[in-house]
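Remember, it's a predicted structure, so these values are computed and weren't measured experimentally.
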Amino acid sequence: MRMPRDLFLEAVKGGISAEVPVFPRDLTLGLDITGAATTEVFGPPYDPRASAAGILALQEIVGHDAVVGCIFGCMVTGFGVELGIPDKGVPYPKDAPFRNISLLDSASPDSVRDSMLSGMRESYRMVRSKRSDLAVVMNLAGPVTNGGNLRNMETLLMDMISDPDTAHRVMDFSVETIISAMDYIGADLADALFLASATDNPDLLGDGMYTEYCIPALKRICSAAKDMGMPSVFHPHGKFDGGSSDILDATVGAGIDCFQFSEENDGPSIIDRIGEKCSLMGGPDVMTTLLNGTREEIVSDTTGFLEDFQDRAYIMSCSCSLHRGFPIDNLSLMTSTAHAFRR
């Protein structure tokens, strides 16, 4: 039996083995096991022990091969914005720090390295030290997604349409904060970078704005990750399995090592379009299959993905992130089905 960390990294980097690694991206779900309130983690101050305990408690039950290093929240607190923290819910930014664009003039990207990110980094250290056999993944927001958190997504979209100079300023700052956070957490505590990119989305932006704003930013981030020795996983939302393949080609060409497709994308079509250019990640739909499906439907859907990707460098995941209230038994069923599969 191979170490989970080795299995995950081999697959991310394009290798194929008999076993398929599993990475269900848990951002708050583990707290349901420890019973900690979300407020206990985020404080302030951020509690790295409560964070690491939740991450590892879920892994002990589910048995997946890769984990995120901390219970994650949007990186806005260093710029003077508070998080809304429901007792048993998911943290959210109460405002956007650069809704007033003039505030960007005096801002430093390194302000992202505040006490919350320091606590998150300590959580990474605890997870790494307690379970060195697991792959630890650095989960950060993608460039447009992070830019939307910083500027306000609707405002940033309007900038892209009517004030491109401002939009490019925001995107440059977004990239610089992401790279600053990457460097601060460090490649000694994480094995791979994961860019969670719900609004880095060609269906939302249109092909033109996706190409103009997302792709150059993605190139810079992937280059920085490569310099740190970390492979990059990119998880945009939107449809990449139909129409022209130019957008998917440009995305892969930005330097990513692994592409995670979101819900409503056809796996075999993604395989045909990407070929051997990078590894792939994806799996059952969080809502329709894993949350609301029967056990038989979960096994059938999971097995279908495993068979479709059996000749490809592939990591089993679910279609998006996991949060509090999700049925853990269903996640365990997906994971055990994947671990029983052999190529």
Side-chain angles (χ1 to χ4, degrees), residues 72-84 91-117 120 138-185 193-228 230 232 234-238 246-247 250-251 253-256:
F72 184 72
C74 296
M75 300 185 299
V76 295
T77 53
F79 304 104
V81 168
E82 294 182 357
L83 295 180
Y92 61 92
K94 289 185 175 181
D95 199 359
F98 303 110
R99 189 185 293 271
N100 178 349
I101 197 61
S102 66
L103 297 175
L104 194 62
D105 296 338
S106 58
S108 168
D110 287 341
S111 294
V112 74
R113 303 181 178 192
D114 66 343
S115 60
M116 188 179 82
L117 194 64
M120 289 180 174
M138 187 188 299
N139 182 90
L140 298 175
V144 176
T145 303
N146 187 55
N149 291 335
L150 294 171
R151 173 71 167 138
N152 173 267
M153 194 63 223
E154 183 177 346
T155 304
L156 179 58
L157 289 173
M158 290 304 299
D159 291 338
M160 290 177 177
I161 294 168
S162 61
D163 189 357
D165 288 344
T166 294
H168 282 293
R169 282 184 64 205
V170 172
M171 289 302 300
D172 285 343
F173 192 85
S174 174
V175 169
E176 289 163 6
T177 62
I178 293 167
I179 292 174
S180 181
M182 288 165 51
D183 185 64
Y184 184 71
I185 295 170
L193 171 68
F194 187 100
L195 294 171
S197 308
T199 52
D200 295 75
N201 179 340
D203 294 348
L204 172 69
L205 302 175
D207 290 358
M209 291 200 304
Y210 180 86
T211 301
E212 180 177 356
Y213 293 101
C214 179
I215 296 300
L218 186 59
K219 287 181 179 178
R220 290 175 60 191
I221 296 166
C222 290
S223 177
K226 183 177 180 180
D227 289 344
M228 293 174 64
M230 290 192 301
S232 302
F234 183 53
H235 176 43
H237 282 220
D246 291 350
I247 291 297
T251 301
I256 66 174

Minimum heavy-atom separation for [X] and [Y], please, with both atom names.
X: Ala217; Y: Val175; result: CB-CG2, 3.4 Å
X: Val112; Y: Ala181; result: CG1-N, 4.1 Å
X: Ser180; Y: Asp110; result: OG-OD1, 2.6 Å
X: Ala141; Y: Asn149; result: CB-ND2, 4.5 Å
X: Leu83; Y: Pro91; result: CD1-CB, 4.2 Å
X: Val76; Y: Pro93; result: CG2-CB, 3.9 Å

Next on the checklist: Taking salt bridge (charged side-chain N to carboxylate O under 4.0 Å, His left out) as the cut-off, I'd like each qualifying pair that reaches into residues 196-219, sequence neighbours left out, listed once.
Outcome noted: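 For residues 196-219: none.
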Do [X] and [Y] have side chains that get closer than 4.5 Å, going by heavy atoms?
X: Asn201; Y: Tyr210; result: no
X: Ile101; Y: Asp163; result: no
X: Pro164; Y: Tyr213; result: yes
X: Phe173; Y: Pro109; result: yes
X: Leu140; Y: Met75; result: yes

[atom1]/[X] to [atom2]/[Y] distance, rounded to the nearest 0.5 angstrom?
X: Leu193; Y: Ile221; atom1: CG; atom2: CD1; answer: 7.5 Å
X: Thr251; Y: Asp246; atom1: OG1; atom2: CG; answer: 10.5 Å
X: Thr199; Y: Leu157; atom1: OG1; atom2: CG; answer: 8.0 Å
X: Leu205; Y: Thr211; atom1: CG; atom2: OG1; answer: 9.5 Å
X: Asp227; Y: Cys222; atom1: CG; atom2: SG; answer: 11.5 Å
X: Met138; Y: Met230; atom1: CE; atom2: CE; answer: 4.0 Å

Item to check | Intermediate values then yes/no, side chain to side chain donor-acceptor pair (under 3.5 Å), Ser102 and Asn100 | outcome: CA-CA 6 Å; Ser102 66; Asn100 178 349; 2.7 Å; yes
Next on the checklist: Taking side chain to side chain donor-acceptor pair (under 3.5 Å) as the definition, give me every residue that meets it alongside Arg220, ordered by chain and number, with sequence neighbours left out.
Outcome noted: Asp172
Checklist entry - Which is it for Phe79 and Thr177 under the side-chain contact (heavy atoms from CB on, under 4.5 Å) test, yes or no, and what are the steps along the way? => result CA-CA 11 Å; Phe79 304 104; Thr177 62; 3.7 Å; yes
Checklist entry - Given the rule in the side-chain contact (heavy atoms from CB on, under 4.5 Å) test, do Ile185 and Leu117 qualify, once you have shown the distances and angles that lead to the verdict? => result CA-CA 8 Å; Ile185 295 170; Leu117 194 64; 4.2 Å; yes
Item to check | Check against side-chain contact (heavy atoms from CB on, under 4.5 Å), Ile256 and His235 | outcome: CA-CA 10 Å; Ile256 66 174; His235 176 43; over 6 Å; no
Item to check | Derivation and outcome, side-chain contact (heavy atoms from CB on, under 4.5 Å), residues Met209 and Leu204 | outcome: CA-CA 9 Å; Met209 291 200 304; Leu204 172 69; over 6 Å; no
Next on the checklist: Check for me whether the distance between the ring centres of Phe72 and Phe194 falls short of 6.0 Å.
Outcome noted: no
Next on the checklist: According to side chain to side chain donor-acceptor pair (under 3.5 Å), does anything in residues 150-160 pair up with another residue at least two apart or in another chain? List the pairs.
Outcome noted: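 Checked against side chain to side chain donor-acceptor pair (under 3.5 Å) - neighbours excluded - the pairs reaching residues 150-160 are Arg151-Asp159, Asn152-Thr155.
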Checklist entry - Given Arg113 and Asp183, is the salt bridge (Lys or Arg N to Asp or Glu O under 4.0 Å) satisfied, shown in steps? => result CA-CA 10 Å; Arg113 303 181 178 192; Asp183 185 64; 3.2 Å; yes
